[in-house]
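Lettering of chains follows the sequences in order, A, B, ..., and the numbering in each one begins at 1. Keep in mind it's a predicted model, so treat the numbers as computed, not measured.
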Amino acid sequence: MRVQRNPVVRFAPSPTGVLHLGGARTALFNYLFARHHNGRFLLRIEDTDRVRSAESVTESILESLRWMGLKWDGDMIIQSRRRDRHKAFCFRLWEMKRAYPCFCTLETLRRKREIAEKNSGDTRYDGTCRGLEEEEVRKRIQNGESHVLRFRVPEGETVFQDRVRERVQVSHDTLDDFVILRSDGMPVYQAAVVVDDHDMGITHVIRGDDHLSNTPKQILLYQAAGWPVPCFAHVPMILGPDKKRLSKRYGATSVEAYREAGYLPQALVNYLALLGWSPGDNREIMTLDELVFSFSLEGITKNPAVFDETKLVWLNGRIISGMDSVELVEKAAPWLIDSGLTDEDFIRNNPQYMIRFVELLKDRIRKLKDFAEKGGYFFRDPDQYDDKACKKHWKVPESGIRLKTLLPLLKQTEWTVEALEKTVRKAADEQQENAGQWIHPLRIALTGFGVSPGIFELAAVLGRDSVLRRIQNALKRLP
RNA sequence: GGCGCGUUCGUCUAGUGGUCCAGGACGCCGGCCUCUCACGUCGGUAACACGGGUUCGACUCCCGUACGCGCUACCA
């Protein structure tokens with residue numbers, strides 16, 4: 001499908017909670033679409049629910065978007081600041097008789113709904129105030145009777161072409177006269193979105209599937225106002241492992257949480273893009289630029305997707321191992337510092353050491369925090385030794401003898417990977433033993449663990465002093 | 001309950017009537033590499049929800065059933 005030359009899209013989160021994965025993906029799709037078509041990607045904060053909205057939340061949403069690299073164009077729009085404009089729109093509809101005041105109280109509405117639920121199950125507004133005489137309306141308003149404004153839904157049906165759902169058809173019989181302006185003068189979502197999307201020149205509304213049912217109401221509003229109706233694209237939901245809407249119950253669901261867990265923004269973006277969208281070929285690992293280049297609404301799937309953290313973890317690991325080492329040092333630094341392994345000065349003053357550190361580790365870890373959790377021995381001598389590894393490779397009397405034999409040899413070995421390897425293998429050879437029998441105890445002595453990067457590379461990086469010291473420490477602890 | 005939307009390996013997906021005894025990826029299992037782990041590499045496991053049509057032929061089109069999700073607020 002052809003897309004007009006310079007589309008304008010927006011991401012419109014409501015600041016009732018931090019940015020969650022579903023919202024992040026919606027933002028991403030909007031961003032990709034805008035960039036792909038040379039359009040504009042705008043941001044609007046939908047805070048018309050004053051009770052539930054919080055300003056601090058807005059800042060965290062912005063921070064999440066920035067972290068993911070989704071830069072929006074222009075200034076962000078704060079919906080609540082446009083209240084007068086929304087109100088004017090609602091009053092205009094009233095003047096045009098497309099809306100009318102409704103005096104039903106929350107309480108009577110609630111009661112009617114309750115009864116309806118028990119009987120017909122039809123809980124829609126019954127239209128009590130739809131046909132009120134103008135005279136009565138004026139009088140009741142003069143009396144200061146509290147009222148809302150409801151949209152007068154016309155007869156007929158609304159049909160629209162959704163860019164991912166194809167044709168969607170809804171009979172107006174299933175709609176009711178919904179509220180557009182609250183009794184306190186605050187506009188309701190339905191009215192506010194339409195006014196803002198129109199004023200912002202939005203051409204394509206790309207949003208979550210949960211808005212699909214609202215779309216006919218909004219289209220009716222556009223039509224009542226005589227405004228052009230934008231294109232819609234409803235993206236399916238992201239589900240939890242139980243196939244229900246993703247919720248906090250199943251661990252982390254916010255972008256923030258993934259950031260804090262040591263994920264790279266590239267990985268999250270890449271993974272989210274693949275969740276509900278496919279480039280059509282078999283590519284899996286893609287940069288933001290590649291995503292922009294390949295993105296199209298046609299590639300969006302119709303069915304909801306289950307969020308699978310193991311694939312995200314894999315992607316994160318692949319991206320880490322493919323990343324530039326200098327950049328990786330920067331990314332890993334906060335984790336190393338926070339865990340107290342080292343400090344900024346050391347990192348700044350030992351760039352070569354830091355680069356070797358990430359290079360030895362980056363292929364075998366999957367999250368940034370693993371640098372700290374699995375690479376502590378690059379910064380401090382082991383103070384405890386892994387039980388399982390000891391049982392397997394240390395609890396034999398020869399281990400001590402082997403390490404003792406190694407000590408003087410290592411004192412005079414040239415400190416290169418090749419020389420170290422030659423030394424150790426030769427020592428094992430001379431005893432007619434397998435090199436592994438020497439390597440494993442050495443690994444435990446140097447790292448405290450049964451697994452680590454290649455032992456000779458590791459020893460080369462750690463340096464002679466550190467290696468000799470660690471062997472001696474280990475010898476003291478040998479059974 | 002009503003309305004809307006959806007249903008391909010455990011998960012993400014490719015597939016737009018014959019090229020599909022269904023392809024890729026994650027996961028899982030096994031081989032190779034090897035000082036361990038990881039990487040890499042080779043191979044394996046595993047799916048068209050069900051029932052009716054339409055058609056020479058259906059994963060692909062139509063209808064129904066089941067299941068799931070969403071909406072049904074003076075929430076967004």
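- There is no side-chain donor-acceptor pair under 3.5 Å between T447(A) and S452(A).
- Checking rU72(B), rA76(B), rC5(B) against the side-chain heavy atoms of R124(A) singles out rU72(B) as nearest.
- Pairing for rA76(B) is absent, judged as Watson-Crick or G-U wobble with the two contacts each under 3.5 Å.
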Fill in: Contact letters for nucleotides 32-42 of chain B, in which S counts primed atoms plus P, OP1 and OP2 and B counts the base, heavy atoms under 4.0 Å
---BBBSSS--

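- Across all strands shown, rG6(B) forms a Watson-Crick or G-U wobble pair with rC67(B), both key distances being under 3.5 Å.
- Contact annotation for L106(A): base contact, defined as any heavy-atom pair under 4.0 Å involving a base atom.
- In this structure, rC39(B) forms no base pair with any nucleotide, since neither Watson-Crick nor G-U wobble geometry is met with both distances under 3.5 Å.
- In this structure, E107(A) places its CD atom 14 Å from C1' of rA73(B), rounding to the nearest Å.
- D176(A) places its CG atom 15 Å from the P atom of rC3(B), with the value rounded to the nearest Å.
- For the pair P101(A) and C129(A), the tightest heavy-atom approach, listed with the atom from each and the gap, is O-CB, 3.7 Å.
- Atom CD of Q169(A) sits in a crowded spot, with more than 12 heavy atoms from other residues, nucleotides or ligands closer than 6.0 Å.
- For the P atoms, the distance from rG44(B) to rU8(B) is 25 Å, rounded to whole Å.
- A donor-acceptor contact closer than 3.5 angstrom is absent between the side chains of T301(A) and N303(A).
- With the nearest nucleotide of RNA chain B identified for both Q169(A) and Y189(A), Q169(A) has the one nearer the 5' end.
- If you check the side chains of T174(A) and S171(A), you find no donor sitting under 3.5 Å from an acceptor.
- Using atom P as the reference point in both rG24(B) and rG15(B), the two lie 15 Å apart (nearest Å).
- Using a 4.0 Å heavy-atom cutoff across all strands shown, T301(A) reaches sugar-phosphate atoms only and no base atom.
- In this structure, rC28(B) and rG44(B) make a Watson-Crick or G-U wobble pair, each of the two defining distances being under 3.5 angstrom.
- Nucleotides rU7(B) and rU13(B) have their P atoms positioned 11 Å apart, rounded to a whole Å.
- When the P atom is compared between rG70(B) and rC26(B), the two are found 31 Å apart, to the nearest whole Å.
- Proximity of R182(A) to the phosphate of rA76(B): a side-chain N or O atom is located under 4.0 Å from OP1 or OP2.
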Heteroatom pairs (N/O) under 3.5 angstrom, protein to nucleotides 59-69 of chain B:
{"from": "rC69(B)", "atom 1": "OP1", "to": "K244(A)", "atom 2": "NZ", "distance (Å)": "2.5"}

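- Distance R111(A) CZ to rA73(B) C1': 17 Å, rounded to the nearest Å.
- The minimum heavy-atom distance between R443(A) and G450(A), with the atom names listed, is CD-O, 3.2 Å.
- Of the residues near RNA chain B, V168(A) and G276(A), the one whose nearest nucleotide (by heavy atom distance) lies more toward the 5' end is V168(A).
- Taking 3.5 Å as the limit, the base of rA76(B) and the side chain of D210(A) contain no donor-acceptor pair of atoms between them.
- Nucleotide rG1(B) holds its P atom 13 Å from the CD atom of E117(A), rounded to whole Å.
- The same atom, C1', is picked in rC12(B) and in rC28(B); the two are 16 Å apart, to the nearest Å.
- Contact annotation for D173(A): no contact, since no heavy-atom pair falls under 4.0 Å across all strands.
- Spacing between atom CD of E284(A) and atom P of rU13(B) amounts to 11 Å, rounded to whole angstrom units.
- Residue contacts for R150(A): at a heavy-atom cut-off of 4.0 Å it reaches the sugar-phosphate backbone alone, with no base atom in range.
- Using atom C1' as the reference point in both rG40(B) and rA46(B), the two lie 24 Å apart (nearest Å).
- Here S171(A) does not reach the OP1 or OP2 of rC3(B): none of its side-chain N or O atoms lies under 4.0 Å away.
- For the residue pair E309(A)/Y263(A), the side-chain donor-acceptor check at 3.5 Å is satisfied.
- Looking at D370(A), its side chain does come within 3.5 Å of a backbone N or O of K367(A) through a donor-acceptor pair.
- Regarding E298(A), its CD atom lies at a distance of 12 Å from the P atom of rG15(B), rounded to whole Å.
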Fill in: Verdict with supporting geometry, R10(A) and E46(A), salt bridge (Lys or Arg N to Asp or Glu O under 4.0 Å)
CA-CA 12 Å; R10(A) 50 45 169 200; E46(A) 305 211 323; 5.2 Å; no

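- Residues V153(A) and D176(A) form no side-chain contact, since every pair of their non-hydrogen atoms from C-beta on lies 4.5 Å or further apart.
- Distance check on atom P: rC59(B) versus rG53(B) gives 15 Å, rounded to whole Å.
- Residues G375(A) and L361(A) come closest through the heavy atom pair CA-CD2, 3.8 Å.
- Between the NZ atom of K302(A) and the P atom of rG6(B) there is a distance of 7 Å, given to the nearest Å.
- As judged by a 4.0 angstrom heavy-atom cut-off over every strand, V188(A) is placed among residues touching the sugar-phosphate backbone only.
- Across rA49(B) and rC9(B), the matching C1' atoms stand 14 Å from one another, rounded to whole Å.
- What separates CZ of R165(A) from C1' of rC71(B) is a distance of 13 Å, to the nearest Å.
- Counting any heavy atom pair closer than 4.0 Å across all strands shown, H211(A) reaches a base atom.
- Among the heavy atoms of the strands lying under 4.0 Å from S14(A) are primed sugar atoms or P, OP1, OP2 only; no base atom is included.
- Using modelled atom types and a 3.5 Å distance limit, the side chains of N30(A) and H204(A) yield no donor-acceptor pair.
- One finds no side-chain N or O of N303(A) lying less than 4.0 angstrom from the OP1 or OP2 phosphate oxygen of rC12(B).
- Across every strand in view, rC59(B) sits unpaired, with no contact that passes the Watson-Crick or G-U test at under 3.5 angstrom.
- Using a 4.0 Å heavy-atom distance criterion, R113(A) is classed as a sugar-phosphate-only contact.
- Applying salt bridge (Lys or Arg N to Asp or Glu O under 4.0 Å) to D177(A) and the options R124(A), R150(A), R130(A) leaves one that passes, R130(A).
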